[in-house]
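If you scroll down you'll find the structure; I have some questions about it.
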Amino acid sequence: MNRSRTAELLLDNRPPAIVVRHSSIHGNGVFATRKIAAGTCIVEYEGERITARQAEKRSGADPENPFHTFFFSLEDGRMIDGAADGNDARWINHCCAPNCEAREEDRRIFIYALRDIRRGEELNYDYGLIVGERHTQAVKRAYACLCGADSCRRTMLAPKRKARQAA
């Protein structure tokens with residue numbers, strides 16, 4: 001991450017732009033406490049840096065919700081576990097029509113506003129989850145989306161790429 005982004009986040013002495021509270025989408029959610037302009041870096045996704053093998057061992061720790069984790073994949077194959085030393089960013093819910101996006105910068109994840117966000121609006125981004133197994137109905141139900149957007153895919157899984165047809 002460039003120094004100006006770090007300085008911008010550290011020197012912003014206004015009250016936090018976000019707060020965690022109950023979400024109508026799922027459990028907790030993150031909400032804007034003031035208007036957030038499009039393109040604004042809102043928060044860094046923090047947590048313990050772990051390997052994919054460590055993440056696999058930690059998966060399914062909650063027997064009542066074995067598919068729920070706070071893992072965020074990095075391009076180098078490592079992960080951030082927001083459940084360990086994480087911050088409020090871990091509570092940002094998925095939406096198929098998101099108002100935010102996650103960007104990796106120097107092996108760190110930052111959440112940016114895709115459009116202007118109103119005070120009180122819930123922040124969300126498209127998780128685009130990737131699983132190694134077939135996208136059966138049971139797998140899609142395990143990763144069900146509850147966002148309610150008109151364009152909802154009904155799953156937090158990334159769409160499978162369709163095979164190209166021969167021309």
Side-chain angles (χ1 to χ4, degrees), residues 9 12 14-36 38 40-74 78-104 108-133 135-160:
L9 289 172
D12 185 355
R14 295 179 293 174
I18 58 173
V19 65
V20 175
R21 64 176 191 244
H22 178 75
S23 167
S24 62
I25 295 175
H26 177 261
N28 288 323
V30 176
F31 296 81
T33 60
R34 62 178 181 254
K35 180 181 175 190
I36 300 172
T40 300
C41 181
I42 302 168
V43 65
E44 180 176 0
Y45 191 98
E46 297 177 343
E48 181 183 358
R49 305 301 174 116
I50 61 174
T51 64
R53 176 173 275 168
Q54 289 171 307
E56 189 174 316
K57 288 180 183 178
R58 294 180 187 186
S59 290
D62 179 358
E64 292 189 28
N65 197 353
F67 299 102
H68 187 264
T69 67
F70 292 103
F71 299 142
F72 208 111
S73 298
L74 298 169
R78 295 179 60 82
M79 298 202 173
I80 298 173
D81 184 355
D85 300 323
N87 62 349
D88 289 348
R90 69 183 168 187
W91 300 113
I92 298 174
N93 280 314
H94 164 87
C95 185
C96 296
N99 57 16
C100 295
E101 71 177 347
R103 297 182 196 165
E104 183 172 340
R108 296 166 68 184
I109 300 296
F110 295 91
I111 308 302
Y112 285 84
L114 286 172
R115 59 169 174 76
D116 288 347
I117 299 172
R118 298 178 318 275
R119 180 176 185 259
E121 186 176 351
E122 183 169 1
L123 277 59
N124 47 62
Y125 58 87
D126 187 339
Y127 288 2
L129 299 176
I130 298 172
V131 296
E133 56 198 290
H135 287 194
T136 63
Q137 288 304 320
V139 170
K140 288 179 184 177
R141 272 192 307 276
Y143 295 99
C145 176
L146 306 171
C147 76
D150 291 341
S151 60
C152 184
R153 332 187 265 279
R154 310 279 187 261
T155 182
M156 294 182 284
L157 298 171
K160 288 275 191 173

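Side-chain atoms are counted along with the backbone in the values below, which use heavy atoms only and exclude waters and symmetry mates. Since this is a predicted model, take the numbers as computed values, not measurements.
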* Heavy-atom closest contact (Phe70 atom, Ala83 atom, distance) ->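 Nearest pair, atom of Phe70 first, then Ala83: CB-N, 3.5 Å.
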* What distance separates Tyr143 OH from His135 NE2, expressed to the nearest 0.5 Å? ->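 Rounded to the nearest 0.5 Å, the OH-NE2 separation comes to 9.5 Å.
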* Tell me, please, which residues at least two apart from Thr155 pass side chain to side chain donor-acceptor pair (under 3.5 Å). =>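 With neighbours one apart ignored, the set is empty.
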* To do: Drop me the distance from Glu101's CD to Tyr125's OH, to the nearest 0.5 angstrom.
  =>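 That separation rounds to 11.5 Å.
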* **Nearest heavy atoms of Phe71 and Arg58, plus distance in Å** =>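 Closest pair (atom of Phe71, atom of Arg58, distance): CZ-CB, 3.8 Å.
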* For Ile42 and Ile117, run side-chain contact (heavy atoms from CB on, under 4.5 Å): C-alpha distance rounded to whole Å, both residues' side-chain angles, the deciding distance at 0.1 Å, then the answer. => CA-CA 11 Å; Ile42 302 168; Ile117 299 172; 4.2 Å; yes
* Asked: Are any non-hydrogen side-chain atoms of Met156 and His26 less than 4.5 angstrom apart?
  -> no
* Worked check of side-chain contact (heavy atoms from CB on, under 4.5 Å) between Val30 and Glu122 -> CA-CA 6 Å; Val30 176; Glu122 183 169 1; 5.9 Å; no
* Are any non-hydrogen side-chain atoms of Glu46 and Asp85 less than 4.5 angstrom apart? ->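 Result no, sub-4.5 Å side-chain heavy-atom pair not found.
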* Kindly determine whether Lys140 and Arg154 satisfy side-chain contact (heavy atoms from CB on, under 4.5 Å), including the steps that lead there. => CA-CA 8 Å; Lys140 288 179 184 177; Arg154 310 279 187 261; over 6 Å; no
* Asked: What pair of heavy atoms forms the shortest contact from Ile111 to Ala102, and how long is it?
  ->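 Taking every non-hydrogen atom into account, CD1-CB, 3.8 Å.
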* Structure fact -> Between Ile36 and Ala113 the two heavy atoms that sit nearest each other are CG2-CB, 4.0 Å
* CZ-CZ distance between Arg34 and Arg119, expressed to the nearest 0.5 angstrom ->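 Arg34 atom CZ to Arg119 atom CZ measures 11.0 Å (nearest 0.5 Å).
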* Looking at CG of Leu146 and OG of Ser24, how far apart are the two atoms once the value is rounded to the nearest 0.5 Å? ->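 The distance works out to 10.0 Å.
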* Structure fact -> d(Arg78 CZ, Ile50 CD1) to nearest 0.5 Å is 8.5 Å
* To do: Take Ile92 and Val43 through the side-chain contact (heavy atoms from CB on, under 4.5 Å) test and state the conclusion after the steps.
  => CA-CA 10 Å; Ile92 298 174; Val43 65; 4.3 Å; yes
* Donor-acceptor contact below 3.5 Å, side chain Asn124 vs main chain Asn99 ->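 It does hold such a pair.
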* **Arg115: partners by side chain to side chain donor-acceptor pair (under 3.5 Å), with sequence neighbours left out** =>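 Side chain to side chain donor-acceptor pair (under 3.5 Å) list for Arg115, sorted by chain: Glu121.
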* Asked: Considering residues at least two apart in sequence or located in another chain, which fulfil the side-chain contact (heavy atoms from CB on, under 4.5 Å) criterion with Arg141?
  -> Gln137, Ala138
* To do: Grab the two heavy atoms, one from Ala158 and one from Ile130, that are nearest each other, plus how far apart they are.
  =>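 Between these two residues, the closest heavy atoms are CB-CG1, 4.2 Å.
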* So Tyr45 and Phe72, would you call those rings parallel, tilted or perpendicular, with 30° and 60° as cut-offs? -> tilted
* Asked: Who pairs with Arg153 by side chain to side chain donor-acceptor pair (under 3.5 Å), at least two apart in sequence or on another chain?
  ->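 Expected list: Asp126.
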* Which residues satisfy the side chain to side chain donor-acceptor pair (under 3.5 Å) test with Glu104, sequence neighbours excluded? ->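 With neighbours one apart ignored, the set is empty.
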* Is a donor on one side and an acceptor on the other found under 3.5 Å between the side chain of Asn93 and the backbone of Cys147? ->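 No; judged by distance alone, with no hydrogens or angles, the pair does not exist.
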* Ser73 (side chain) donor-acceptor with Met79 (main chain) under 3.5 angstrom -> no
* Asked: Residues two or more places apart in sequence or in another chain: which of them pass ring pair (Phe, Tyr, Trp, His ring centres under 6.0 Å) with Phe31?
  -> none
* Between Arg90 (side chain) and Gly82 (backbone), is there a donor-acceptor pair under 3.5 Å? ->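 Pair found, side chain donor or acceptor close to backbone of Gly82.
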* **Check: Asp88 side chain, Val20 main-chain N or O, donor-acceptor pair, under 3.5 Å** => no
* Within the side chain of Arg49, is there an N or O that forms a donor-acceptor pair under 3.5 Å with the backbone of Ile80? ->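 No; judged by distance alone, with no hydrogens or angles, the pair does not exist.
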* Structure fact -> Between Asn87 and Glu44 the two heavy atoms that sit nearest each other are ND2-O, 2.7 Å
* **Geometric class of the His94/Tyr127 ring pair [parallel <30°, tilted 30-60°, perpendicular >60°]** => perpendicular
